[in-house]
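Notes follow the structure.
These numbers come from the heavy atoms of this one structure, side chains and all, not from hydrogens, waters or symmetry mates. Naming: A, B, ... by sequence-line order, numbering from 1 per chain.
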2 protein chains.
Amino acid sequence: MISHEIFHTLHQLSRHLTNKQNEALKPAGLYSSQWAVIYVLKQKGSLTQKQLCDYLSVEAPPMTRTIQRLVKQGYVKQLPGQDKREKHVQLTDEALSQYSNWEKIVSDVNNGLLSQFPESSQKELFHLQKTWLKQLV
Amino acid sequence: MISHEIFHTLHQLSRHLTNKQNEALKPAGLYSSQWAVIYVLKQKGSLTQKQLCDYLSVEAPPMTRTIQRLVKQGYVKQLPGQDKREKHVQLTDEALSQYSNWEKIVSDVNNGLLSQFPESSQKELFHLQKTWLKQLV
DNA sequence: GCCTTATAGTTACCTAGGTAATTAATTTCA
DNA sequence: TGAAATTAATTACCTAGGTAACTATAAGGC
C-alpha cells in the first residue's frame, strides 16, 4: 500500500516549498499566496476575482482576503465591471515597477530548491503531477 | 522556466488530496491532520509530542492543538514521562477499536484518488518526490 | 551546589484555505 | 413584467501550520 506514503510525501514537499518561498518573499513584504495572484495578473492583465479563483483553484473567500491585502499595500486595484457584481482586478503601476524584483526573488529561491534535482527528473515529476491532477479535477 | 509550474501543480495536488481526505473522514468525526497522528501512533505505539513533530515534520504548536483535540475526543491519552517536560502520547482502546474503520475510509478514498493513475506512474512519482524531499531536508 | 543554557510543551497571533450564510446584482421564465 | 433562481463577492467561523514569546524541567560548566 504505497498510497499513504505518496500522500504524505507530497504534503510535506508542498509545505516545505511554500515555507521557503514565504521566507524568501518576506523582505519584499509579500506572501506566497499574494505572489500567486500577482503572477497571474501580470500574465493575464485584468481579471475578475471569480476568474482568479478559477485559475488558481481557490475558493472565493481566501481570494477576497488576499486581494484586500494587496489593495491595502497598493499593489492591486479593483475596478467595477459592466456587471456590477464583478470586480475587475489589475496590478498597479507600483506593482508593475516592482514585478521584476519579485520575479527574481521567486526564481532564485525556486532554482535553489531545484538545483540538486536533475532537469530530467523535474520534467518527469511535472509530467506525472499534471497527468494525475488532470484526472482528479 | 518550469519551476513555477511544478510548484503550482504540486501545491494544487496537495490541497486537492487533503480536501478529499477531510471530506471522507468527516462522517468519522476526524480531520486529516488527526488521522496523520493516529496513523503514526498506531505504528509506533507511544511517542512524545516532540517525536511526533519530527516524524510528521510539523512544528510543536499545531501538534499540541491536534493532540488536544484527539484527547478531548477520547482517542489519545498523554502520559507523563520520566522527564517531566515530556508527554508520552498513545492511542486509547477506543481509538484502537475504531482504527480499522478509519483505515478503511482512508484507504478507500486514497485508492479512489489513484484509481485512474497507473501503478507504475505512482511508483515513479513517489520515487521522484522522495528523492527531491531528501535533498531539501 | 548554583547559575546558565538547552529543551518540551503551551499560548498568542499570523497566513492559507475551506464551508455556510448573507448581500446585491443579474438571469430566467411563466 | 415580476417573481424565482443564479451568481460575484463578502462575512463569519472552522482546520492547518507557521513564528515569537513564555513556562517549567533538565543538563552542563564553574
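Among the protein residues, S33(A) comes within range of the sugar-phosphate backbone only, with heavy atoms under 4.0 Å from sugar or phosphate atoms but none that close to a base. Nucleic acid contact for R65(B): base, since at least one base atom lies under 4.0 Å from a heavy atom of the residue. Residue contacts for H88(A): at a heavy-atom cut-off of 4.0 Å it reaches no nucleic acid atom on any strand shown. Using a 4.0 Å heavy-atom cutoff across all strands shown, Q68(A) reaches sugar-phosphate atoms only and no base atom.
Residue T9(B) holds its OG1 atom at 6.5 Å from CG of L133(A), rounded to the nearest 0.5 Å.
Shown here are the salt bridge (charged side-chain N to carboxylate O under 4.0 Å, His left out) partners of R65(A), two or more places apart in sequence or in another chain: there are none. In this structure K42(B) satisfies the salt bridge (charged side-chain N to carboxylate O under 4.0 Å, His left out) test with no other residue, sequence neighbours excluded. The ring pair (Phe, Tyr, Trp, His ring centres under 6.0 Å) search around Y31(A) returns none, not counting sequence neighbours. Among residues two or more places apart in sequence or in another chain, the salt bridge (charged side-chain N to carboxylate O under 4.0 Å, His left out) test is passed with K130(A) by none. Contacts of K104(B) classified as salt bridge (charged side-chain N to carboxylate O under 4.0 Å, His left out), with partners at least two apart in sequence or in another chain: D108(B).
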Between Q12(A) and H8(A), is a side chain to side chain donor-acceptor pair (under 3.5 Å) present by the stated rule, with each step listed?
CA-CA 6 Å; Q12(A) 276 194 230; H8(A) 180 62; 2.4 Å; yes
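Residue T18(B) is the one, among A60(B) and T18(B), whose nearest nucleotide of DNA chain D lies closer to the 5' end (criterion: closest heavy atom). Position along DNA chain C of the nearest nucleotide to E86(B) versus H11(B) favours E86(B) as the more 5'-ward residue.
For residues 117-127 of chain A, no pair satisfies side-chain hydrogen bond (donor to acceptor under 3.5 Å, both in side chains), with sequence neighbours left out. Listed by first and then second residue, the salt bridge (charged side-chain N to carboxylate O under 4.0 Å, His left out) pairs that reach into residues 48-64 of chain A are K50(A)-D54(A), sequence neighbours excluded. Pairs of residues two or more places apart, or lying in two chains, that qualify as ring-ring contact (aromatic ring centres under 6.0 Å, His included) and include a residue from residues 52-92 of chain A are Y75(A)-W102(A).
Between W132(A) and F7(A), the ring planes are perpendicular. Angles over 60° get that label, and only those under 30° would be called parallel. Relative orientation of the W35(B) and Y39(B) rings is tilted, given thresholds of 30° and 60° on the angle between their planes.
Two residues are said to be in side-chain contact when any heavy atoms from C-beta on lie closer than 4.5 Å; Q21(B) and V106(B) meet this criterion.
Less than 4.0 Å separates DNA chain C from no heavy atom of any residue of residues 70-78 of chain A. Of the residues in residues 42-59 of chain B, V58(B), E59(B) come within less than 4.0 Å of DNA chain D through at least one heavy atom, sorted by number.
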Under 4.0 Å protein heavy-atom contact, by nucleotide of nucleotides 20-28 of chain D - B base, S sugar-phosphate only:
B---BBS--
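First and last contacting nucleotides of DNA chain C toward chain B (any atom under 4.0 angstrom from a heavy atom, 5' to 3' order): dA6(C) to dG18(C).
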